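Bear in mind the structure is a predicted one, so any value in this text is a computation, not a measurement.
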2 protein chains.
Amino acid sequence: MEKQSVTIYDVAEQAGVSMATVSRVVNGNPNVKAATRKKVMKVIEDLDYRPNAVARGLASKRTTTVGVILPDINNAFFASLSTGINDIALMYHYDILLATAEGEKDRDVSVFQSMLAKQVDGIIYLGNEISLALRQEIERTNTPVVLAGTQLEDTSCASVNIDHEAAVYDAVSYLAERHEKIALITGPLTEYINGHDLLLGYKKALKDHERAYSEAYIFESHYTLKAGEQLAERLHNSGVTAAFVADDLLAVGILNGLQDQGYHLPEDMELISADNTIYTDMVRPKISSIQHPLYDIGAVAMRLLTKMMHNEEIEDKNIILPYSLRFKGTTK
Amino acid sequence: MEKQSVTIYDVAEQAGVSMATVSRVVNGNPNVKAATRKKVMKVIEDLDYRPNAVARGLASKRTTTVGVILPDINNAFFASLSTGINDIALMYHYDILLATAEGEKDRDVSVFQSMLAKQVDGIIYLGNEISLALRQEIERTNTPVVLAGTQLEDTSCASVNIDHEAAVYDAVSYLAERHEKIALITGPLTEYINGHDLLLGYKKALKDHERAYSEAYIFESHYTLKAGEQLAERLHNSGVTAAFVADDLLAVGILNGLQDQGYHLPEDMELISADNTIYTDMVRPKISSIQHPLYDIGAVAMRLLTKMMHNEEIEDKNIILPYSLRFKGTTK
DNA sequence: CTGAAAGCGCTAACAC
DNA sequence: GTGTTAGCGCTTTCAG
């Protein structure tokens, strides 16, 4: 084991300077004579010195690491967000400590605490929901936190978001021009977004277009292919002729379920889904969808976080990004 | 800013014991009298003491963090692998430092080095390819590294893998029972797996079934929907009546491209794809596919890594996991 | 079972 | 410009 790793002290000795000088060179501090710098660099090269980031973190109280908490990697929605985060993090030279928050209860809190223990410089939390316990943790810490894609009534915590209510409103309004009975198909209604934002936008759109609201048109499901396929028949039997689906994967399931039973879209049913992920382009007809700027949400969230970590001035810490509607094959 | 974080020293003082004892309590060291432990725990609770993992890492030389390097988060293939890694990491209480290796040249090496600098206890590298430069880095370090889903001729580095050659052989053999002209559709042939393993298995299957090999049946493409759609026409015109496609997304594109032009599967063309990701179940007909145990690869890789990190005995450090064929709608 | 003390490798005043 | 000197918060011998 020739792994007696070389330290800043070894470099200093070999170069005939002090540790402080080596540190300056390593950190690009300009207060070093060019000749000295060159000499030190040479030794660093020769000895193949690699600074220990842990020691540096302890001494400087900054780890250049940010924590990212998300519900599930296996989800194109969050993967897109992550990509935005990753690109900006790279740009600002932050590494990413990643963790998933799903699983047993309070996993989110323990994950959050574990990240604080590792002294991350900031945390981005992705997810539809945020528990009360976690909210309290966020308030307790001084570590900057940005919520991305997470709805929150109070605006005390920095966030980057989508206006779900307005998006649903637009989508349902579009459908209401031609349909009487329009379904709202969501995930668990106990989740804030499904039960609140979406429902609000949906009801408002119905009202503004003088369409009747009925609980029979609300379908609570899960974000899986299978759930969609199973729901299809029931959906059609309910008499609705159009639907807004809160998740792309679920929408694909519904589309397939309907088609497997011989129905045609958009003739028999108009469909608008939620995220315009690649899923919507993989099926035929392609699914019309709201397009949220997923990548941008991640990128903007990370950018916001860097500002907070560097104590820069922030004009607005609750950002709402615009969306658009993509009309493809499942709408007329 | 009431953030003068409480240290182990504060706890020791308040509890009237030494730092060492607090450390023992925190680390579950049994050599502490029950009464003392209780007293210390109480103070920890009262002061809301949270150990600083960075300091701990510096002192103990273990960070309980593993690095995971992958090409792209936006890829169901790697997302599945990551899930396996994540679950096992969680089980062994390791956190994950995640980084993507795509982008400019030698990004893989700089990412790798950056992880070493952060003193990760081990690294898992996911990806089809591995550069020579990175290979050298891996050899230089004492930090355990496991390659997952990465082909490598020499077996010096621990790895968990798929037998691509055999899988392709089986798939093509199956098609060869009914077809004369069978295409091989891959990503860039410069990549080891595409240009070597797949090609070998493909040729062997053709030979064993006395089917002619022709370069005209080899299609080099990219792993995107669009590439597949664009390839469809050309594929059909080439005269082949069956194809093995090395990537699911690409396969979906081809399926759609063919169907958009009025062809029917499997009548006009039999298709077998590579990874049996959810994509293959989202389209109609569902795509027949090789099923690699993606989750398991990740899980086994992480398990292997834990063994290496804990210096446990390892029977075989080059693991090959079995695959199976899933016959769905694009084969007869 | 518990305490004292020596670092882990680096940064950050503060002198010179 | 450069060196000196304290720590950062914790683990870990080594005594007792």
Side-chain angles (χ1 to χ4, degrees), chain A residues 3-41 43-44 47-65 113-114 116-121 142-143, chain B residues 3-41 43-44 47-65 113-114 116-121 142-143:
Chain A
K3 186 51 179 303
Q4 209 49 51
S5 62
V6 6
T7 73
I8 200 171
Y9 178 81
D10 302 324
V11 176
E13 187 174 47
Q14 176 96 24
V17 299
S18 73
M19 288 164 54
T21 299
V22 177
S23 177
R24 290 190 185 99
V25 170
V26 169
N27 293 299
N29 184 319
N31 292 354
V32 183
K33 219 191 332 181
T36 318
R37 156 166 291 119
K38 200 177 163 200
K39 184 173 58 179
V40 172
M41 298 267 258
V43 176
I44 287 179
L47 266 44
D48 191 32
Y49 165 67
R50 318 250 185 119
N52 179 323
V54 173
R56 185 186 294 202
L58 183 58
S60 70
K61 302 186 163 304
R62 305 188 334 99
T63 55
T64 62
T65 300
Q113 289 178 337
S114 158
L116 291 183
K118 295 229 167 160
Q119 313 299 119
V120 295
D121 295 338
N142 288 329
T143 304
Chain B
K3 187 51 178 306
Q4 208 51 50
S5 62
V6 8
T7 74
I8 199 171
Y9 177 81
D10 302 326
V11 176
E13 187 174 47
Q14 176 96 27
V17 299
S18 73
M19 289 165 54
T21 298
V22 178
S23 177
R24 290 190 185 99
V25 171
V26 169
N27 292 299
N29 184 318
N31 291 352
V32 181
K33 217 190 335 181
T36 318
R37 156 163 295 130
K38 198 176 165 199
K39 183 173 59 180
V40 172
M41 299 266 260
V43 176
I44 288 179
L47 266 44
D48 191 31
Y49 166 66
R50 319 251 184 118
N52 179 324
V54 172
R56 185 184 295 201
L58 182 59
S60 69
K61 300 185 164 307
R62 302 187 335 99
T63 55
T64 61
T65 301
Q113 289 178 338
S114 156
L116 291 183
K118 295 230 166 159
Q119 312 299 116
V120 295
D121 295 337
N142 288 329
T143 304

Could you state the interatomic distance from [atom1] ([X]) to [atom2] ([Y]), rounded to the nearest 0.5 Å?
X: A:R37; Y: A:M41; atom1: CZ; atom2: CE; result: 6.5 Å
X: B:T36; Y: B:N31; atom1: OG1; atom2: CG; result: 11.5 Å
X: B:N52; Y: A:L58; atom1: CG; atom2: CG; result: 6.5 Å
X: B:L47; Y: B:S5; atom1: CG; atom2: OG; result: 11.5 Å
X: B:D10; Y: B:Y49; atom1: CG; atom2: OH; result: 9.5 Å
X: B:T21; Y: B:K33; atom1: OG1; atom2: NZ; result: 10.5 Å

Tell me the interatomic distance from [X], atom [atom1], to [N], atom [atom2], rounded to whole angstroms.
X: A:K33; N: D:dG3; atom1: NZ; atom2: P; result: 10 Å
X: A:N27; N: D:dT2; atom1: CG; atom2: P; result: 16 Å
X: B:K118; N: C:dC10; atom1: NZ; atom2: C1'; result: 15 Å
X: B:L47; N: D:dG9; atom1: CG; atom2: C1'; result: 15 Å
X: A:N31; N: C:dT11; atom1: CG; atom2: P; result: 15 Å
X: B:E13; N: C:dG3; atom1: CD; atom2: P; result: 13 Å
X: B:K39; N: C:dT2; atom1: NZ; atom2: C1'; result: 10 Å
X: A:N29; N: C:dA13; atom1: CG; atom2: C1'; result: 13 Å

Just wondering, do B:V17 and B:V22 contact through their side chains at under 4.5 Å, heavy atoms? yes

Does any N or O in the side chain of A:S60 come within less than 3.5 Å of the main-chain N or O of A:R56, such that one atom is a donor and the other an acceptor? yes

Donor-acceptor pair, side chain of B:N27 and main chain of B:R24, under 3.5 angstrom: no

Can you sort out the partners of B:T63 under side-chain contact (heavy atoms from CB on, under 4.5 Å), two or more places apart, ordered by chain and number? A:V54, B:T65, B:Q119, B:D121

Contacts of type side-chain contact (heavy atoms from CB on, under 4.5 Å), residue B:Q113, not counting sequence neighbours: A:R50, B:V109, B:E137

Applying a 4.0 Å non-hydrogen cut-off, can you work out what A:V17 is touching in the nucleic acid: base, sugar-phosphate, or nothing? sugar-phosphate

Just to be sure I understand the rule, does B:T21 reach a base, reach only the sugar-phosphate, or reach nothing, if contact means heavy atoms closer than 4.0 Å? sugar-phosphate

Nucleotide N/O to protein N/O under 3.5 Å, stretch nucleotides 13-16 of chain D:
none

Enumerate the protein-to-nucleotides 6-8 of chain C contacts in which both atoms are nitrogen or oxygen and the separation is below 3.5 Å.
unit_1, atom_1, unit_2, atom_2, d
C:dC8, O3', B:K61, NZ, 3.0
C:dC8, O2, B:A59, N, 3.3

What bend angle does the helix from C:dC1-D:dG16 to C:dC16-D:dG1 show across its length, from five-pair end axes and to the nearest 10 degrees? 30°

Would you say a side-chain N or O of A:S23 is under 4.0 Å from OP1 or OP2 of C:dC10? no

Can you tell me if the side-chain N/O atoms of A:R56 get under 4.0 Å from OP1 or OP2 in C:dG9? no

Considering only C:dC10, C:dG3, D:dG3, which nucleotide approaches the side chain of A:Y49 most closely? C:dC10

Partners meeting salt bridge (Lys or Arg N to Asp or Glu O under 4.0 Å) with A:K39 (sequence neighbours left out): none

